[in-house]
Each structure stands twice: as structure tokens, then as C-alpha cells.
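Here the structure comes first, spelled out in C-alpha cells, and everything after it is commentary.
Keep in mind that this is a model prediction, so the values were computed, not measured.
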Amino acid sequence: MEIVIVSIVAFLTALLTFFSGFGLGTLLAPVLMLFFPVDVAIALTGIVHFFNNMFKLILVGKNVNKEVFIRFGIPAIIFAFIGAFVLLKIPNMQPLFTYELFGKTFAIYPLKLTIALLILFFACMDIVPYFNTLQFDKNKLPIGGALSGFFGGLAGTQGALRSAFLIRAGLAKEAFIGTTVVISSLVDFTRLSVYATRMMNLNLNENLPLLICTTLSAMTGAFIGNQLLKKVTVNFLKITVAIFLIIIGIALGLGWI
């Protein structure tokens with residue numbers, strides 16, 4: 001039963017998040033945690049995310065904007081490592097407060113709350129008509145890449161902040177999706193290379209049928225999303241990104257992720 005449920009979730013999530021450029025791992029991981037220990041669920045999510053990105057790279061990687069990738073993507077990857085390193089050096093932060101909901105205890109941490117407010121700010125920029133014409137100059141892209149990478153390394157929200165910046169970089173819809181996929185794929189590759197040893201100790205081969213079905217379902221969702229890309233407008237893309245930013249921002253701020 002878990003194979004069916006997780007595969008359906010992977011398909012729908014991959015289809016919906018194809019346009020936003022982020023969200024598959026964030027939405028898939030909690031579902032997997034219903035059936036597996038946290039470390040196994042995170043490992044499975046990472047593998048599905050990686051192979052789905054590799055597949056999307058084949059579909060839309062050719063649309064990458066090389067200038068934006070160099071100006072934004074390289075600083076994002078570098079500062080993601082810096083953010084992760086800083087996180088290891090920061091003492092365990094105490095939550096601002098905790099609360100219980102549906103029998104579970106959730107904690108709100110200052111760092112995640114700060115990033116959540118930043119994400120919600122960008123989401124409002126996509127919704128409020130006054131900001132419709134606002135775009136980031138190309139000389140601001142390294143700053144956006146560094147910020148998204150650094151905060152992503154600190155709190156794992158690089159995808160949301162990356163899309164929040166790139167959606168206002170003046171890219172065509174194909175270039176936006178292609179560029180986010182290339183950057184995300186490189187981040188996935190470096191992240192999984194670091195976690196490879198730990199994953200080998202989790203005996204993931206025991207869950208190979210689920211892993212294969214979930215990965216293929218996610219790829220199918222991405223494939224259908226790519227087929228629908230021609231019918232999607234830039235405005236639809238902005239609204240999609242805004243909706244996912246709001247979902248991620250609220251969930252992060254409330255301590256759900």
C-alpha cells in the first residue's frame with residue numbers, strides 16, 4: 001500500500017513542482033516519514049530528487065541561460081557549502097517556543113522563522129500588482145545566488161529562495177525552468193556525494209521496489225509537466241512560484257519542516 005500512496009504523491013508533486021523549480025523533496029519527505037524512519041525517508045527522498053532532476057536535465061537542460069547560471073548558480077553552490085559549514089559550527093539553537101498539534105510537538109526556531117518571513121516577502125512580490133514589473137538586474141544575480149545558497153545551506157531552503165530570485169531575473173519560462181534544473185542538479189550531486197557513505201549504511205536495497213516506483217512516478221510527472229510547458233504563460237509561472245513560496249514559508253515558519 002505504501003508503494004501506491006508514495007508513488008501517487010511523487011507523481012502529483014513532480015508535476016506541480018515542475019513549474020515552480022522546487023518543492024518535490026520538501027513535499028515528498030513528510031509522506032515518506034509516515035512509513036519509514038526519518039533517516040531512511042530523507043535518504044529515499046534525496047535519491048528520488050536526484051534521479052528526477054537528472055531526468056529533467058535531459059528534458060529542459062538545454063534551455064539553461066549560461067550567463068545567469070554563471071552569475072547566480074556558481075555563487076549559490078559555493079555559499080551553500082559555506083552555509084552548511086556555518087551550521088555545523090553554530091551551537092544548537094533553542095526554539096523561540098514549542099506547541100502541540102494533532103498529537104505532535106513542533107518547534108519554531110529563530111533562523112527558520114527569519115527565512116520563512118523572507119520567503120513570504122518574495123511571495124507577496126509575485127502577488128501584489130505593484131511589483132509586477134520589478135526585476136533584478138543581472139549585476140544583482142551574484143548577490144541573489146549567494147543569499148539563496150547561504151540560507152539554503154543553513155536551513156535547507158535553497159530551492160525556494162533560488163526560484164524567488166530567478167523568477168524576477170527576466171528569463172523566459174523555458175530558461176527559468178532549465179536554469180533552476182541545472183543548478184538544482186549540481187546541488188543534488190554534491191549533496192549526495194557527501195551523504196553517500198551514510199546512505200550505504202541504511203540498507204536502502206530493502207526498499208528498492210518502492211524507490212524504483214517512486215522515481216518512475218516522479219519522472220512521469222516531470223514528463224507531463226514538460227509537455228504542458230508550451231501552454232503555460234509567464235504569469236502562470238509567477239503565480240505557481242508564489243503559491244509554493246507561501247506553502248513553504250508558512251510550513252517553515254510554523255516548524256512543520
Side-chain angles (χ1 to χ4, degrees), residues 3-32 45-66 68-69 72-73 119 122-123 125-127 129 131-133 135 148 157-188 211-249 251:
I3 292 180
V4 175
I5 294 174
V6 174
S7 295
I8 292 174
V9 171
F11 168 76
L12 294 175
T13 306
L15 174 60
L16 293 173
T17 60
F18 180 85
F19 304 107
S20 67
F22 70 97
L24 174 61
T26 304
L27 298 177
L28 182 61
V31 177
L32 284 168
T45 301
I47 294 172
V48 172
H49 198 276
F50 172 77
F51 281 108
N52 188 59
N53 266 341
M54 292 299 100
F55 181 66
K56 290 198 294 185
L57 197 61
I58 296 173
L59 293 177
V60 299
K62 62 181 180 296
N63 297 325
V64 62
N65 184 300
K66 295 180 180 178
V68 173
F69 169 73
F72 185 96
I119 290 174
F122 279 109
M125 290 177 62
D126 285 334
I127 294 175
F131 295 107
N132 281 345
T133 58
Q135 292 186 351
S148 69
T157 56
Q158 183 168 320
L161 290 172
R162 179 180 61 237
S163 290
F165 278 100
L166 290 183
I167 197 66
R168 296 197 166 277
L171 297 173
K173 58 185 180 181
E174 295 85 0
F176 166 77
I177 294 176
T179 305
T180 56
V181 165
V182 170
I183 296 173
S184 181
S185 298
L186 289 174
V187 171
D188 268 358
L211 188 59
I212 293 174
C213 291
T214 305
T215 301
L216 291 177
S217 296
M219 289 180 175
T220 303
F223 177 79
I224 295 176
N226 187 52
Q227 296 301 306
L228 297 174
L229 183 58
K230 294 180 181 179
K231 301 178 181 180
V232 170
T233 63
V234 173
N235 186 58
F236 172 84
L237 205 62
K238 287 185 176 181
I239 296 299
T240 301
V241 170
I243 291 173
F244 275 95
L245 287 175
I246 291 172
I247 293 173
I248 300 300

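A heavy-atom distance below 4.5 Å is found between the side chains of Phe176 and Val241. For the pair Val182 and Leu57, the minimum side-chain heavy-atom distance is below 4.5 Å.
Taking each heavy atom of Arg162 and Ile183 in turn, the nearest pair found is CD-CG2, 3.7 Å. A pairwise comparison of heavy atoms in Ala14 and Ala222 identifies CB-N, 4.1 Å as the closest pair. Across Thr180 and Ser163, no two heavy atoms sit closer than the pair CG2-OG, 4.4 Å.
No donor-acceptor pair under 3.5 Å is formed between the side chain of Thr214 and the backbone N or O of Leu211. At least one donor-acceptor pair under 3.5 Å links the side chain of Thr179 to the backbone N or O of Asn65.
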Item to check | Working for side-chain contact (heavy atoms from CB on, under 4.5 Å), residues Ser7 and Cys213 | outcome: CA-CA 6 Å; Ser7 295; Cys213 291; 3.5 Å; yes

Item to check | side-chain contact (heavy atoms from CB on, under 4.5 Å) between Ile177 and Leu171, worked out | outcome: CA-CA 9 Å; Ile177 294 176; Leu171 297 173; over 6 Å; no

Item to check | Steps toward side-chain contact (heavy atoms from CB on, under 4.5 Å) verdict (Leu237, Ile167) | outcome: CA-CA 8 Å; Leu237 205 62; Ile167 197 66; 4.1 Å; yes

Checklist entry - Are Lys173 and Phe19 close enough, and set up right, to give a side-chain contact (heavy atoms from CB on, under 4.5 Å), and what steps lead you there? => result CA-CA 9 Å; Lys173 58 185 180 181; Phe19 304 107; over 6 Å; no

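Within the model, atoms CE of Met54 and OG1 of Thr215 stand 12.5 Å from one another, a figure rounded to the nearest 0.5 Å. Summarising the geometry, atom OG belonging to Ser184 is positioned 4.5 Å from atom NE2 belonging to His49; distances are rounded to the nearest 0.5 Å. A distance of 12.0 Å separates CG in Asn52 from OG1 in Thr45, rounded to the nearest 0.5 Å. We find the CG-OG1 distance between Leu245 and Thr240 to be 10.5 Å, quoted to the nearest 0.5 Å.
For Ile58, there are no side chain to side chain contact (heavy atoms under 4.5 Å, CB included) partners at least two apart in sequence or on another chain. With sequence neighbours excluded, the residues that form a side chain to side chain contact (heavy atoms under 4.5 Å, CB included) with Leu27 are Thr13, Thr17, Phe244. Considering only residues two or more places apart in sequence or on other chains, Phe223 meets the side chain to side chain contact (heavy atoms under 4.5 Å, CB included) condition with Phe55, Leu59, Gln227.
For the pairing with Glu174, the side-chain contact (heavy atoms from CB on, under 4.5 Å) check across Val64, Val232, Leu229 returns one residue only, Leu229.
Taking a 6.0 Å sphere around NZ of Lys231, one finds it holds 12 or fewer heavy atoms contributed by other residues, nucleotides or ligands.
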